[in-house]
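Comments concern the structure below.
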Number of protein chains: 2
Amino acid sequence: MSDTLMTIREMCDAFEVTPRTLRFYEARELIFPQRRGQHRLYDRRDRARLTLILRGKRFGFSLEQIRQLLELYEPGGVNRTQIAATIEVGRDRLADMERQYAELSIAIDDLRRQIADAERRLVADTDEHPTG
Amino acid sequence: MSDTLMTIREMCDAFEVTPRTLRFYEARELIFPQRRGQHRLYDRRDRARLTLILRGKRFGFSLEQIRQLLELYEPGGVNRTQIAATIEVGRDRLADMERQYAELSIAIDDLRRQIADAERRLVADTDEHPTG
DNA sequence: CGTCTCGCTTACGTTCGCGTCAACCTGCTC
DNA sequence: GAGCAGGTTGACGCGAACGTAAGCGAGACG
């Protein structure tokens, strides 16, 4: 079920990361698995956090930026100023992502054109050196 | 004009990079400024390349990936197999970017919702502790 | 009982993308 | 001709995000 506890190996297989990575994220206080004895156990919340961490990484955010962002996703009973600060961070990241989104759109169009050009050159070259 | 040669300092000011960065990119064979004596001079082509380099970096591509991509933007008279290989690289990057674009869209919506939630919590808290 | 597998911690090593000297050349200008 | 500004080439340093190796339990198995 969705609230199943997972071992570190199961997490690694599920998310395609190494144990080292998970322990590293824990050391940087991005995830907080429970302990059964010495062993780590990851629950639904940890998995949700890891999903966000990996996503954030793909967009080029540092682990520290991601750590701050994660507070947004936690309904923890912090105080007003903390919530406000967290919202600030969230807005900054959002602005980053929106900029990235716009620029990415342009870059994709650009790259598509370059590929098309290169393909045309390929075809032209084929015409000049026919094989059949 | 657009074909003006620029010194390293002018480039740095224009693109907000350091001299070290430009020399580093040159060492990695991403740009090839001409020399007047010992000094580097950057032309329109170098600037176009630098634009693409910085853009690629913002999307999380490595300098090596960018270097390969830059060949797409050069009409250099390479041979068929080279052009084909370059197109391959371009398509791979394009696929990366398209994936990134789709995921970014989701992440932005997600983040917007979280910020809205946090704002609601802030307002709720204000209602419970009115100042006026 | 030995040994295997998992996981744990500690700690040093590595890659990327530059920053930061140090030492040198070169063309003014005073 | 001394100084200075601007550029050059090494070479070493550094932070981020892990990789890797060493050595230590603790439980499972035959």
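In what follows, every chain begins at residue 1, and chains take the letters A, B, ... in the order their sequences are listed. Not measured: the values here are computed from a predicted model.
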Give the rounded distance in Å between these two atoms: [atom1] of [X] and [atom2] of [N].
{"X": "A:M11", "N": "C:dC8", "atom1": "CE", "atom2": "P", "value": "12 Å"}
{"X": "A:M6", "N": "C:dC6", "atom1": "CE", "atom2": "P", "value": "16 Å"}
{"X": "A:E29", "N": "D:dA17", "atom1": "CD", "atom2": "P", "value": "15 Å"}
{"X": "A:Q38", "N": "C:dC8", "atom1": "CD", "atom2": "C1'", "value": "6 Å"}
{"X": "A:R36", "N": "D:dA26", "atom1": "CZ", "atom2": "C1'", "value": "13 Å"}
{"X": "B:I8", "N": "D:dT8", "atom1": "CD1", "atom2": "C1'", "value": "9 Å"}
{"X": "A:Y42", "N": "C:dG7", "atom1": "OH", "atom2": "P", "value": "10 Å"}
{"X": "B:I66", "N": "C:dG17", "atom1": "CD1", "atom2": "C1'", "value": "11 Å"}

How many angstroms lie between atom CD1 of B:I115 and atom CG of A:L94, to the nearest 0.5 angstrom?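 Rounded to the nearest 0.5 Å, the CD1-CG separation comes to 4.5 Å.
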
Taking the side chain of A:R28 as heavy atoms from C-beta outward, which of D:dT8, D:dG7, D:dA17 is closest to it?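 Closest of the options to the side chain of A:R28: D:dA17.
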
Between D:dT9, C:dG7, D:dG7, which one does the side chain of B:R40 approach most closely?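 Within the option list, the nearest is D:dT9.
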
Is there a residue in residues 13-26 of chain B whose heavy atoms reach under 4.0 Å of DNA chain C, and which residues are they?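 Per residue number, the list reads B:T18, B:R20, B:T21, B:F24, B:Y25.
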
Counting only non-hydrogen atoms, which of residues 49-65 of chain A are less than 4.0 Å from DNA chain C?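 Residues of residues 49-65 of chain A under 4.0 Å from DNA chain C: none.
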
B:R49 and B:L30: which non-hydrogen atoms are nearest, and at how many Å?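 So the minimum-distance heavy-atom pair works out to NH1-O, 2.6 Å.
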
For A:D117, run the side-chain hydrogen bond (donor to acceptor under 3.5 Å, both in side chains) check against A:R113, A:R121, A:R120 and tell me which one passes.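 Testing each of A:R113, A:R121, A:R120 against A:D117, the sole residue satisfying side-chain hydrogen bond (donor to acceptor under 3.5 Å, both in side chains) is A:R120.
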
So, B:Q68 side chain and B:Q65 main chain: donor-acceptor pair closer than 3.5 Å or not?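 The answer is no, because no donor-acceptor pair under 3.5 Å joins these two groups.
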
Under 3.5 Å: donor-acceptor pair, side chain of A:R35, backbone of A:Q38: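 It does hold such a pair.
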
Please evaluate residues B:R91 and A:E119 with respect to the criterion salt bridge (Lys or Arg N to Asp or Glu O under 4.0 Å), reporting the C-alpha separation (whole Å), side-chain torsions for both, the decisive distance (0.1 Å), and the verdict. CA-CA 11 Å; B:R91 286 205 182 115; A:E119 280 168 344; 2.3 Å; yes

Would you say a side-chain N or O of B:R35 is under 4.0 Å from OP1 or OP2 of D:dT9?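 Yes.
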
Under a single-linkage definition using a 4.5 Å side-chain heavy-atom cutoff for Ile, Leu, Val, Met, Phe, Trp and Tyr, are B:F61 and B:V89 assigned to the same hydrophobic cluster?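 No, separate clusters.
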
State, without any angle test, whether B:Y25 and B:D46 hold a side-chain donor-acceptor pair at a distance under 3.5 Å.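 No, no side-chain donor-acceptor pair sits under 3.5 Å.
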
Going by the rule ring pair (Phe, Tyr, Trp, His ring centres under 6.0 Å), which residues pair with B:Y101 if we only count those two or more places apart in sequence or in a different chain?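 Only A:Y101 meet the ring pair (Phe, Tyr, Trp, His ring centres under 6.0 Å) criterion with B:Y101.
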
